[in-house]
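A short worksheet on the structure shown next.
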Amino acid sequence: MAQIVAGIGCSHVPAIGVALDLGKTQDEYWKDVFKGFERTKELIAEIKPDLIIEIYNDHGTAFSLKSIPTFSLGVAAEFKPADEGWGPRPVPVVKGDPDFAWYLAESLILNEFDMTIMNEIEVDHGLTVPLSLLFGQPKEWPCPVIPICVNVVTYPSPTGKRCFALGRAIRKAVQEYKKDLRVVVLGTGGMSHQIHGERCGLINRSWDESFLDRLSSDPQGLTEIPLVEYVRETGAEGIEMVMWLIMRGALDEDVEEAYRFYHVPASNTAVGNIVLTNRSQTKVTT
Amino acid sequence: MAQIVAGIGCSHVPAIGVALDLGKTQDEYWKDVFKGFERTKELIAEIKPDLIIEIYNDHGTAFSLKSIPTFSLGVAAEFKPADEGWGPRPVPVVKGDPDFAWYLAESLILNEFDMTIMNEIEVDHGLTVPLSLLFGQPKEWPCPVIPICVNVVTYPSPTGKRCFALGRAIRKAVQEYKKDLRVVVLGTGGMSHQIHGERCGLINRSWDESFLDRLSSDPQGLTEIPLVEYVRETGAEGIEMVMWLIMRGALDEDVEEAYRFYHVPASNTAVGNIVLTNRSQTKVTT
Amino acid sequence: MKKYEHYTDIPGTYLFDKNACARGYHLNMFCMSLMKEENRRRFLANDAAYLEEYPLTDSQRHAVLDRNWLRMIQEGGNIYYVSKLGATCGLSFEEMAAAMTGMTKENYRKMMLSGGRSVEGNRSKIEQLELAGKGSH
Amino acid sequence: MKKYEHYTDIPGTYLFDKNACARGYHLNMFCMSLMKEENRRRFLANDAAYLEEYPLTDSQRHAVLDRNWLRMIQEGGNIYYVSKLGATCGLSFEEMAAAMTGMTKENYRKMMLSGGRSVEGNRSKIEQLELAGKGSH
Ligand SMILES: [Fe+3]
Ligand SMILES: [Fe+3]
């Protein structure tokens, strides 16, 4: 049976991708960011997932305003990096797993999540930057990735409570899958940032750190945060953090924080990263 | 405050649209079908809705297989009849109500329905044929229409239970809307039909009639019907009947059947029509 | 799995599921292209040439060239997409349905006018096999 | 409505809601068209001519021609779509953000390096008005 072996939260700041792609990781501005991810790279190398379910949002790239799905799921065999205005990122094509993805879509729809199934979708920095942070610059990504895309661009995004519930439903589906797969759920986006309007550059370190704390200590409490609080306290684009709650919902009640990293700034954004494992599994394996 | 004043279930057989558009309503084959809708036309003329929320499915017209939303909602100012291969139907452009539609989309998303918002969508016979049956051939449709489109083309469609719950959420949103609007919810599709494979032409009159009965007497029981039962008992395309459960969910527990019509055949299909009103409102107004 | 529980057990029925969606993807996309009058004209003028723009399998291409509606469905076509080709060729849903059952238009209509195909005996492949077994043994 | 409850109360913030989505529809669609290299080339060669293909308001057109990023947002642009125009013009998200605040690139970066803009005093228009009121009376 498949199982979820870790949940990872990770910012997906596009400038981090640019820095990596242009070989600037040792620049004064960037070196602490990349150093901060070294431990996570070790951890993911140990975990060796067979599959990653990556929760991200499209940034006006694959979805025009014609159609705005709340939750969509990519069932294709591959997902090409999109041209966001600078040409596509020089990273490998992301391979999917159509069998698992369709299985997951079916399970979620039959469990009352109103997914949009995507047979074709190009992926932007929201999906590729976290892969770069976890795996560096390989010729191919080490495992298939199932993209789950969340609308956080047009108000309203799904609520934190709904996101957490989706995580729960993902966990159920994974646990019922018949193949032996070690699955990592990767929640991306955040942490505090605002990149439009006169309030650009807003950073709320104490709010972010409390959010990171409560991922372990009080996940249910986090689901009660209203959307407007994310916007007001962490910047308009900080709303992306609801996606971390999908990751969190996919884990057990009782988790262990294996690693955490927090840094300001990367471009306009506070960078956050957390690695959570289920305490039940941790005990078994150590 | 807005209120839902009636729920109507109505087949949307394309051949009925063709018969009407070509002036064949008095042909031997068609005259009983059109006669069957006369009472519903009178009833809707008495009800005089300010707005119709129409639940329908797209038939491979507006949605390619690239993207398959489970539930989508049209927020545009107008919806043009689509060219389904014969040129567009000669019927008026359908006018929306962007204010109400966005209000409804927000309310549904915040109440945990994962809607896809459609800023542009052309509508096919699934949406226009029931309007023709209710209103005949006017120069303009008498009120705005909010299209809610349900995936029943690619398996799995949403479950009956989920559809009913969506109806409930629609009712809540309507009741909380600040304008005085009389709203009709129109559930379309069905009844038994199969239009592909060697089993084409399947009709299950007793199942259909029981479904019509239970819309009043046992709606909760109807929500327990598994998707495979619709397919097996009423034909593969009979699955469209889950959309009637959205209409039913939008009404009170206690409803009155104002009218019912059932006829076989129209092309490959059993034609069904039902008009339900909330008993509480019926009492108040008489 | 419980008897009769799964939709693959239903005779003469090809539910448009993940397998059909994957297999029929380009076939259905081709059909959708016929929603434009200009494309319908081009297709009718030279169907084989038009089809070369779509990466269909040989079997799908032949099904389209032969206007073999049942075969299209078996090759992953979805009836709603396939109906755009039907319309292009001047066929109604009723005529396509008749063709898929192997009946003449007239007999199919007669069946519909007398109440349609009964569900009795048409629910389940397993049931049909059991009945056939009883008959022959 | 409770104090501070609604997102329209947040200063310097233009949440991309239904109003912005309606107002900025074609502006954002124009921006998206710049995801193709060929369109970027055409736009950079003659931006005014390129813009005529999109039904923008005068104010939107001028905002684009002036590369006035804040105005684009105020006219219904969403930053993620607008960033495609930013990229076409060689600007990073950081440079666009600086421009929207009216700061120089250097000062904006300095602010970010020292921890970013504080949320204190930046939560609520009502709160700001109340504080201003206290000061002046
Ligand atoms: Fe983002
Ligand atoms: Fe239909």
Side-chain angles (χ1 to χ4, degrees), chain A residues 13-15 18 28-29 57-66 68 82-88 122 124-126 152-156 192-207 226-239 264-270, chain D residues 4-7 9-18 20-21 24-25 28-29 31-32 34-37 40 69-70 73-74 77-90 92-94 96-103 108-109 111-119 122-124:
Chain A
V13 190
V18 175
E28 189 58 28
Y29 186 91
N57 67 289
D58 180 73
H59 300 79
T61 304
F63 294 107
S64 79
L65 292 173
K66 194 177 160 190
I68 306 169
D83 180 343
E84 299 177 62
W86 305 266
E122 294 198 339
D124 71 11
H125 68 269
V152 293
V153 170
T154 303
Y155 181 85
S192 26
H193 62 304
Q194 176 148 342
I195 60 172
H196 83 264
E198 298 92 333
R199 209 172 70 132
C200 272
L202 189 112
I203 299 289
N204 191 340
R205 182 177 199 122
S206 64
W207 200 101
L227 297 179
V228 64
E229 180 174 332
Y230 289 95
V231 177
R232 187 177 52 219
E233 294 293 330
T234 76
E237 284 72 34
I239 189 76
V264 176
S267 173
N268 305 288
T269 305
Chain D
Y4 315 147
E5 193 190 64
H6 200 261
Y7 60 75
D9 175 51
I10 302 170
T13 302
Y14 307 85
L15 215 62
F16 193 68
D17 64 1
K18 57 189 167 191
C21 186
Y25 199 76
N28 290 311
M29 288 302 206
C31 289
M32 255 199 124
L34 300 175
M35 290 173 64
K36 292 199 174 112
E37 176 60 26
R40 293 195 285 269
W69 309 101
L70 182 59
I73 299 296
Q74 290 166 336
N78 171 278
I79 183 59
Y80 295 121
Y81 294 100
V82 168
S83 76
K84 273 65 177 177
L85 174 60
T88 300
C89 302
S92 67
F93 276 103
E94 191 184 11
M96 280 186 285
M100 283 188 265
T101 66
M103 295 167 83
Y108 184 83
R109 177 166 278 208
M111 176 181 79
M112 294 314 297
L113 282 167
S114 60
R117 184 184 307 279
S118 171
V119 72
N122 283 313
R123 286 190 171 89
S124 159

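Each chain gets a letter, A, B and so on, in the order its sequence line appears, and its residues count up from 1.
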field: Contact summary for D:Glu94 and A:Ser267, nearest pair of heavy atoms
entry: CB-OG, 3.7 Å
message: Go through it in stages, so that I can follow the logic: the residues are D:Tyr80 and A:Asp58, the test is side chain to side chain donor-acceptor pair (under 3.5 Å), and I'd like the CA-CA distance, side-chain angles, deciding distance and then a yes or no.
response: CA-CA 9 Å; D:Tyr80 295 121; A:Asp58 180 73; over 6 Å; no
field: Under 3.5 Å: donor-acceptor pair, side chain of D:Arg117, backbone of A:Cys200
entry: yes
message: Which atoms of A:Asn204 are under 4.5 Å from chain D, going by heavy atoms: the side chain, the backbone, both sets, or neither?
response: side chain
Minimum-distance pair of heavy atoms, taken over all atoms of A:Val228 and D:His6: CG2-C, 4.0 Å
query: Given side chains that start at C-beta, do those of A:Thr61 and D:Lys84 come closer than 4.5 Å, heavy atoms only?
result: yes
message: Using heavy-atom distances under 4.5 Å, tell me whether D:Leu15 contacts chain A through its side chain, its backbone, both, or neither.
response: both
- request: Spell out, as yes or no, whether a donor-acceptor pair under 3.5 Å connects the side chain of A:Gln194 to the backbone of D:Gly12.
  value: yes
Step-by-step side-chain contact (heavy atoms from CB on, under 4.5 Å) determination, D:Met112 to A:Ile203: CA-CA 8 Å; D:Met112 294 314 297; A:Ile203 299 289; 3.8 Å; yes
query: What part of D:Met111 lies closer than 4.5 angstrom to a heavy atom of chain A: side chain, backbone, both or neither?
result: side chain
statement: With sequence neighbours left out, the residues meeting side chain to side chain contact (heavy atoms under 4.5 Å, CB included) with A:Glu122 are A:Lys80, A:Ala82
- prompt: What are the two closest non-hydrogen atoms of D:Leu70 and A:Gly197, and how far apart are they?
  reply: CD1-CA, 3.8 Å
- prompt: Side chain, backbone, both or neither: which part of A:Tyr230 has a non-hydrogen atom closer than 4.5 Å to chain D?
  reply: neither
- prompt: Where on D:Arg40 is there a heavy atom nearer than 4.5 Å to chain A: the side chain, the backbone, both, or neither?
  reply: side chain
field: Contacts of type side chain to side chain contact (heavy atoms under 4.5 Å, CB included), residue D:Met29, not counting sequence neighbours
entry: A:Ser64, A:Leu65, A:Lys66, B:Glu120, D:Tyr25
message: Would you call the rings of A:His125 and D:Phe93 parallel, tilted or perpendicular, taking 30° and 60° as the class edges?
response: perpendicular
message: Determine whether a donor-acceptor pair (N or O, by modelled atom type, separation under 3.5 Å) exists between the side chain of A:Arg205 and the backbone of D:Gly115.
response: no
- prompt: What part of A:Pro14 lies closer than 4.5 angstrom to a heavy atom of chain D: side chain, backbone, both or neither?
  reply: side chain
task: Under the side-chain contact (heavy atoms from CB on, under 4.5 Å) rule, what do A:His196 and D:Phe16 come out as? Steps first, then yes or no, please.
output: CA-CA 10 Å; A:His196 83 264; D:Phe16 193 68; over 6 Å; no
- request: Could you look at A:Glu229 and say if it's the side chain, the backbone, both or neither that has a heavy atom under 4.5 Å from chain D?
  value: neither
message: Looking at A:Gly201, is its backbone amide N or carbonyl O close enough to the side chain of D:Tyr108 to form a donor-acceptor pair, meaning the two atoms are under 3.5 Å apart?
response: yes
